[in-house]
Protein chains: 2
Amino acid sequence: MNFKPAAVNAASEKGFAMSQMQNVERQLREMILGLEIGPGEKLTERWIEGRFGASRTPVRAALLRLETEGLVGRDGRGWTVSPINLAELEQIAVYREAVEVAALRLTCMHADGNAIDVIEAMLDSCDENTAREEWHRVGMDFHIELARLSGNEFLFKAVRDAMTRLSRARWLEVRDEAALGRAWAEHRAILAATRLGDADEAARRLSTHIVGSRDRLVTSLANDRRGLRARGFAVVAA
Amino acid sequence: MNFKPAAVNAASEKGFAMSQMQNVERQLREMILGLEIGPGEKLTERWIEGRFGASRTPVRAALLRLETEGLVGRDGRGWTVSPINLAELEQIAVYREAVEVAALRLTCMHADGNAIDVIEAMLDSCDENTAREEWHRVGMDFHIELARLSGNEFLFKAVRDAMTRLSRARWLEVRDEAALGRAWAEHRAILAATRLGDADEAARRLSTHIVGSRDRLVTSLANDRRGLRARGFAVVAA
DNA sequence: GATACCGGTTTGGTATCCCAAAATGGTATC
DNA sequence: GATACCATTTTGGGATACCAAACCGGTATC
């Protein structure tokens, strides 16, 4: 029987036909990033199949794609949601710094005021009434969109990929209002230097921002490991 | 019928059990990188299925993986071997420079003489009697292994991925003996600076090497576009 | 109580079948 | 000769059936 109950409706989003594979991939990614499925949890193709009303063929394809994003991994024969790995987070920070700084330097060489205005507007859209989740999302998009301005597809994808991998950890981070404010100030300073085309200054500020961000993140997670463990989240030490 | 004729034998390489997916992926990658299937050529799942004696399920899985490597891409509904894209090659050079330099700087901070000896021995293994194909392979492995020494998995994978994407283009490049000698000299100079832990010097030489390499590559391919076209290879302009 | 063993169950890997959409090729029309 | 049109074939997307290996629970043995 080729009857697909609910998934096919969810698929047609604004009349946009989506393949089952894309559906499963998107929904599963959201569940993983939204921590609806905890880091370290086991996944079976059959569970996913039942959960999303798709057969194993698209499920399998989606898993293969998510594997390349580092969101799921193989555990022997089966599938596992990737645990939070502190050592990996530190390595990603180094990687991020390399690609983001390179992208930013490129951008500074042909800074486009309008494009920078758009990014600044993103930052402005967050105020004290904004949900924590939104701050989180905008904080990542800032880096991603900034990298996009470089015009280099590879640097852009590298940054986007790195942010995706950091996403869950950053969501788990206990962040106070002050830290968020500091981050936003740093974002604005980076933008300002970029607008002026001052590559060295922008690069320096971005590096500092990334390193500080990494330190706060790793410290927070290391301190809260007990709490995370209690929620059933696998956390691998640095 | 679940009978698998020859593929299963090729699979057990030194008693090493390999899944059909891995088999198809590896063989197809080799055919693409070895230009046995030309850039721009159309692929059908059914052709691959028949060619390697595997069913469509592992074939599709392999294609999905190769897609993330950039070796195949989607052309509407079907699959295509990625064409040689000059603009992309230039972007990859920028990307490479960012990640390779970052990796090299890390390596310089904890330079391991023995590890560097191993890489130098790789270079030494090439002489006037060495096949062109071997020079080609060692030239890539030099960069990959050097990146591995950084200890950063992400930088390493980024370099490996970049070299894979450059591989076919470099193989197509018309390279004279002199250019090869110059490249090897640059490799040795980079190693020497790295051995001394002179990060700035090593980084400078690596940057120069990459930029020079890019220029020669793009120029060569642009000049030879007619010849490549004649061989049935799709080449997209910068 | 710990452990080794065994049979049933689950699960990923694979082959195969069906379908709708897209490509193809031949034909009639202008 | 070019073009629009229709029948046929091909092809990728998806669903399902089957298998071998891994997993699990219970039992017997020490």
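A note on names: the letters A, B, ... follow the listed sequences, proteins ahead of strands, and every chain is numbered from 1.
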Could you work out which one of [options] sits closest to the side chain of [X]?
| X | options | answer |
| --- | --- | --- |
| Ser19(B) | dT14(C), dC18(D), dG12(D) | dT14(C) |
| Arg46(A) | dG14(D), dT11(C), dG12(D) | dT11(C) |
| Ser55(A) | dG13(D), dA15(D), dA21(D) | dA15(D) |
| Pro58(B) | dA15(C), dA20(D), dG14(D) | dA15(C) |

What is the ring orientation for His143(B) with His209(B), classed by angle as parallel under 30°, tilted 30 to 60°, or perpendicular over 60°?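 His143(B) vs His209(B) ring planes: parallel.
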
Write out all pairs satisfying salt bridge (Lys or Arg N to Asp or Glu O under 4.0 Å) with one or both partners inside residues 214-231 of chain A, taking only residues at least two apart or from two chains.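 Listed by first then second residue: nothing to list.
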
Taking [atom1] from [X] and [atom2] from [N], how many angstroms apart are they, rounded to a whole number?
| X | N | atom1 | atom2 | value |
| --- | --- | --- | --- | --- |
| Arg60(B) | dT16(D) | CZ | C1' | 15 Å |
| Ile48(B) | dA15(C) | CD1 | C1' | 17 Å |
| Leu43(A) | dG12(C) | CG | C1' | 13 Å |
| Trp47(A) | dT11(C) | CH2 | P | 13 Å |

Which sits closer to the 5' end of DNA chain C, Thr57(A) or Trp79(A), going by the nucleotide each is nearest to?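 Looking at DNA chain C, the more 5' nearest nucleotide goes with Trp79(A).
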
Is any side-chain heavy atom of Leu35(B) closer than 4.5 Å to a side-chain heavy atom of Pro39(B)?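 Yes - at least one pair of side-chain heavy atoms lies under 4.5 Å apart.
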
Counting only side-chain N and O atoms of Gln22(A), is one of them less than 4.0 Å from OP1 or OP2 of dG13(D)?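 No, Gln22(A) has no side-chain N/O under 4.0 Å of OP1/OP2 on dG13(D).
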
Between the main-chain N or O of Glu88(B) and the side-chain N or O of Asn85(B), is there a donor-acceptor pair closer than 3.5 Å?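 Such a contact is found between Asn85(B) side chain and Glu88(B) backbone.
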
State the pairing partner of dC30(C); accept Watson-Crick or G-U wobble contacts with both distances under 3.5 Å, and report none otherwise.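 Answer to the pairing question: dG1(D), which forms a Watson-Crick or G-U pair with dC30(C).
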
